[in-house]
Amino acid sequence: MILPGSTIGILGGGQLGRMLAQAAQTMGYRVHVYEPQKDCPAGAVSNREINAAYTDIESLSAFARDCDVVTYEFENIPVEPLAQIAGLTQLHPRSEVLKICQNRLREKTWLRKNEFPHVPFVDVDTNGDLSAAIDSIGFPCVVKTADFGYDGKGQLKVTDEESNALAVKQYVGQRSVVERFISFQCELSVVVSRSSNGEVKAFPVSENIHTNHILDFSIVPARISEEIKVKAEQLGLAMAERMDVVGLIAVELFVTTGGELLVNEMAPRPHNSGHYTLDACRVSQFEQHIRAICGLPLGDPAVNSPVVMVNILGDTWFNEDESKTPAWHTILENPTGKLHLYGKAEARIGRKMGHFTVCASSADQALTAARELKSKL
Ligand code: AMP
């Protein structure tokens, strides 16, 4: 067990690192953050911030030697340097987990090989025939780059010959996947924790609404049958075990119009759709991750109240062409509203600047209140 007073290293200094650092410090750990960009959100709340490239083996090794355990909050970290520091400290989740989850092709191939339900796909090599792959899946389909894709980045929906031609032009020479476009009833996610001693626990399943491919609302409890919720939880737990994850793994799922569950993607870290746990659960996803990587007993993930989480994007700072200060008082005045801001200096369109939650006596009521608060920001 890695006990409070020890030092936890976090690779990546964004908002997930910030909330991890805050949870770790609450429990009495020291936190070091490693992030290429200066003055990052996590650095502002940590004991030490190191600014160096992920490929700078010397700095990375020195960082690893100073920490009792190292984890990461960001998926696009090159895996090779991580594998090199693995002998210097404990690294959780192990670098092989990151390698699978950071690339859509490896992720989907892993799902197929391990027989977890997933969206049907075809792999397209760098000099492969994208047109043939699109033909084999048929319209409508989605083309996604294998690397560096998240929040809809690097993906294009293909519905006809025109978008087909555009995809062929846009993706030439890139490793990509073509997958079936799924008509879904709703999107879900489940955040699962697995400790270094093998204990596993799932947070309640969240129902997620995306706008322009970016998470907009997370609703708990998800407004679907108990049977689907249980299935989603069991799927997440089985995946965490099969992948031998220590820490958290978030699994994003589609519920098809036919009621089938299909995995869209996974992330081996705290997840945006799990932010509701900070205000509505006995233990947050961030504390749970710290407990898991330190080998402590896992906390109780049960939710205390129906809750909705809303992302606050940089867009909120702009009113037509004018910039403005968002009307924070609307959230602050609400007795069940909770505001979280990540301390990012510059608001940009599409940038995640913060989030808020609102609790109510039902998911529908919380969603109505959340939509109203959002519209007044
Ligand atoms: P991703 O970057 O893969 O997480 O995609 C972002 C969002 O795009 C998802 O949450 C869905 O709303 C949508 N999306 C991605 N892939 C598909 C698909 N195959 N079928 C339908 N919608 C999709």
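Worth saying up front: this structure is predicted, and the values here are computed from it rather than measured. Both counts, for ligands and for their atoms, begin at 1 and track the order of listing. Only heavy atoms go into these numbers, but all of them, side chains included; no hydrogens, no water, no symmetry mates.
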Under 3.5 Å between some N or O of ligand 1 and some N or O of V119?
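In this structure, V119 places no N or O atom under 3.5 Å from an N or O of ligand 1.
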Side-chain contact, heavy-atom cut-off 4.5 Å: V191 with Q288?
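In short, these two side chains do not touch, never coming nearer than 4.5 Å.
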Should P306 and P221 count as side-chain neighbours, where that means a heavy-atom distance under 4.5 Å?
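Of all side-chain heavy-atom pairs linking P221 with P306, at least one is under 4.5 Å.
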Nearest heavy atom to atom 5 (O) of ligand 1 wins, so pick from H213, E187, Q155, K144.
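When every heavy atom of H213, E187, Q155, K144 is considered, Q155 comes closest to atom 5 (O) of ligand 1.
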Should the proximity of N264 to ligand 1, defined as any heavy atom under 4.0 Å, be assigned to the side chain, the backbone, both, or neither?
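Within the 4.0 Å criterion, N264 contacts ligand 1 through side-chain atoms alone.
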For the residue pair F63 and H32, does the interplanar ring angle fall in the parallel (under 30°), tilted (30 to 60°) or perpendicular (over 60°) class?
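Taking H32 first and then F63, their aromatic rings sit tilted (interplane angle of 30° to 60°).
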Any atoms of ligand 1 less than 4.0 Å from a non-hydrogen atom of [X]? List them with their elements.
{"X": "E179", "answer": "16 (N), 17 (C), 18 (C), 19 (N)"}
{"X": "F184", "answer": "21 (C), 22 (N)"}
{"X": "E265", "answer": "1 (P), 4 (O)"}
{"X": "H210", "answer": "10 (O)"}

Is the closest heavy-atom distance from R104 to ligand 1 below 4.0 Å?
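Within the 4.0 Å threshold, so yes.
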Salt bridge check, E322 against K324: does any charged N sit closer than 4.0 Å to a carboxylate O?
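A salt bridge is absent here (no side-chain N lies under 4.0 Å from a carboxylate O).
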Between R194 and D244, is the closest basic N to carboxylate O distance under 4.0 Å?
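Looking at R194 together with D244, the answer is yes, because their closest N to O distance falls below 4.0 Å.
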So, for A167 and I134, which heavy atoms are closest and what is the spacing to 0.1 Å?
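Taking every non-hydrogen atom into account, CB-CD1, 4.3 Å.
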